[in-house]
Amino acid sequence: MPPTRRDRRVIIHFDYDCFYASVFERENPSLKSMPLAVQQKQIIVTCNYEARRRGLHKLQLISEARKIVPDVVIVLGEELGRFRDASKLLYKYLEAFTWSGKVEKLGFDEVWMDVTDLVAYNQALLNQNDLSNSFFQLKQNDPMAGFSYDATKIAGHTFPATRHDEDLESPLNTSLEPGDQLLVRLKLGSHLARHIRLSLEEHQGYTSTVGISTNKILSKLVGNLNKPKGQTTVLPPYVSPNEESPPATNTNNVLLFLDGHDIGKIPGIGFKMSQRIRNHVLSRPTKFEVGLIYGGTQDSIASGDVRLFPGMGPDLLEKILGGPGSERGIGGRAWNLINGIDDTEVQQAKKVPSQISIEDSYIRLDTMPQVLKEFRILASSLVKRMHTDLLEDDDDPSSESQKRWVAHPKTLRLSTRPRPPPHTDGTRTRSFNRISRSSPLPNFVFNLKEAIDATVEKLVQVALVPMFRRLHPQQGGWNLSLMNLAVTNMVETASEDGTGCGRDIGRMFKRQEEALKEWKVEDRDMPPDVIFAPKEDHEMLFDDGREVEPSAGDDISKAAWGNATDIPTGSEDLLYPTQNTASDIWDDGDDNNDENNDMCTICQAIMPAFAMAAHHCYHDLDE
DNA sequence: CTGACTAAG
DNA sequence: GGTTCTTAGTCAG
């Protein structure tokens, strides 16, 4: 039994055409007429359509490409900053069209927009007597902002390309069957999509390929039918008329469209899942060429083969896909997907990423000096990324500082991909598995006054080297093919503009944030809820306080920093009270926090117990 | 919370 | 499952 459809939304999916190449063409328009390829390491990650016309394609070896198109222009695309910037700009441009703010990015070059509200508004505006001269209003409060369009026609391509059962040119707007209401909304959606797509090209210089439907997977998949710079709408009917009708695929455009796709092409069904499904449907394991032979499997299974397989349904899929480690409810979700049902919302933009990571791959990385060198390179990029992505201009006139952290990652993670040592019989079981260790992120990385190189060096010594030892306790023998550095576990800093999203979570922490604001370090460089205190065993201890023994601060010695010149010269790395006494910070509510406050034995300052360790560190370093 | 894994571009 | 580099999410313990 196929699940019930809820086609109440209009979703547009944007995919910028050969995005990396387009970024370079924008910077240098003369490239547009030439075959252009973007290189990372030894492969072409993307190329423009002139290059494709001459036989190049994505993920091709550079050497191969040079043979096929000797005069190909190859640009290096390993620095992702320019792509990130362009992606952000285009995202902001698209976001401005929406009323709901439901705009979701996938990677650098894809965006979904939920335009249900704009479409509904403009549907109500239609004049049934003059549909061909309609005006699409882009703003609710400005009847002049918008564009003219012919509401009797759909804009761009459709799936199916021609409709067999109904005349597209003669729609009525009201009191129709649900399917016809859907047609009207998709029509408006297609005109809006075209307008935005052409605006994007005219004003930003990027062409895109667009899909229009009622959910995320259908809009994404259908766009692929006409690329580049095309758009495609999935036409109704989205449901089969009724049970006694002929085979569903004749009358249900969603299934007609989806059934032809390889099962692994359905978004959400990746390699592992499609392999397990294939194994079951073919009732034998899919055979891979065991060696290095390229070509994969010749056993490809269409989505329709799966959907129509005897006994297929959520329960069977649960048996196939379920088990330890699998997502709960995966069977039902997969069943929905192959039926073209995806009720997941288009997510509103998060202002802060939930993770920032930097990685590099290596042919051979097996000595500590090499590792240290790469640590410095990676950590330096990471700290710079944190600056560009997590700092914003501080418009607070009462402060002279210009930047403040919008979020503080709490965790630092080091991942490596060890190359498995050649086994006894010489067979190398190459694995691409990663292993990782994480630790609290030291506060000093938030210090904007220190030079980046100094911050990086400290980070390497106090955090990365210890983590590396936990990851690879052996003295040698390892050889890494990849290292990745990440900061995760973002804690958003309370924002003053009341429009900040995540009010529910904000409310939870509001009281704590308010209280801790007073404990901020100069220029608000520091996270309000994290402190650190060096420990005697050359490892750093970081915590949110309540688990730190009050005596921890006594263990501090300059030796913990390796050498004296690395010691922070001032109090910049430490938290200390700036204005209020601690008592009025913690005594504001029904919670009884009195026992959390302590007085410093040296300077008599009152502060939460958890801050005492760091505070003592401050005194110790002054000696 | 940590660490492994899956999926996506 | 492969190429590169990155992000997001889920699950077990």
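Quick note on labels: first sequence line is chain A, next is B, and so on, each numbered from 1. This structure is a prediction, so every number in the text was calculated from the model and none was measured.
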Roughly how far, to the nearest 0.5 Å, is OG1 of A:Thr233 from NE2 of A:His157?
-> 10.5 Å

Using atom CD1 of A:Ile269 as one end and atom P of C:dG1 as the other, report the distance to the nearest whole Å.
-> 18 Å

Taking atom P in both B:dT6 and C:dG1, compute the distance separating them and give it to the nearest angstrom.
-> 10 Å

A:Ile277: which of A:Leu282, A:Leu316, A:Val306 passes side chain to side chain contact (heavy atoms under 4.5 Å, CB included) | A:Val306

Roughly how many Å is it from CD1 in A:Ile277 to P in C:dG1, rounded to a whole number?
-> 16 Å

Quick one: label A:Ile266 by what it contacts on the DNA or RNA (base, sugar-phosphate, nothing), any heavy atom closer than 4.0 Å.
-> sugar-phosphate

Of A:Val491, A:Val406, A:Thr493, which meets side chain to side chain contact (heavy atoms under 4.5 Å, CB included) against A:Val352?
-> A:Val406

Per-nucleotide protein contact string for nucleotides 4-10 of chain C (B base, S sugar-phosphate only, - none; heavy atom under 4.0 Å) = BBBBSSS

Mind checking what makes salt bridge (charged side-chain N to carboxylate O under 4.0 Å, His left out) contact with A:Arg53, not counting sequence neighbours?
-> A:Glu50

Ring-ring centroid check A:Phe24 A:Phe19, cutoff 6.0 Å | no

Report, as yes or no, whether the 6.0 Å neighbourhood of atom CZ on A:Arg66 holds more than 12 heavy atoms from other residues, nucleotides or ligands.
-> no

What nucleic acid atoms does A:Lys105 come within less than 4.0 Å of, heavy atoms only: base, sugar-phosphate, or nothing?
-> nothing

In whole Å, what separates the P atom of B:dC5 from that of C:dG2?
-> 14 Å

Does atom NE2 of A:His472 have more than 12 heavy-atom neighbours from other groups under 6.0 Å away?
-> yes

Nt span of DNA chain B in reach of chain A heavy atoms at under 4.0 Å, 5' end first, is B:dT2 to B:dG9

Which of A:Tyr206, A:Tyr20, A:Tyr16 passes ring-ring contact (aromatic ring centres under 6.0 Å, His included) with A:Phe83? Answer is A:Tyr20

What is the nucleic acid contact for A:Gly107, judged by heavy atoms within less than 4.0 Å: base, sugar-phosphate only, or nothing?
-> nothing

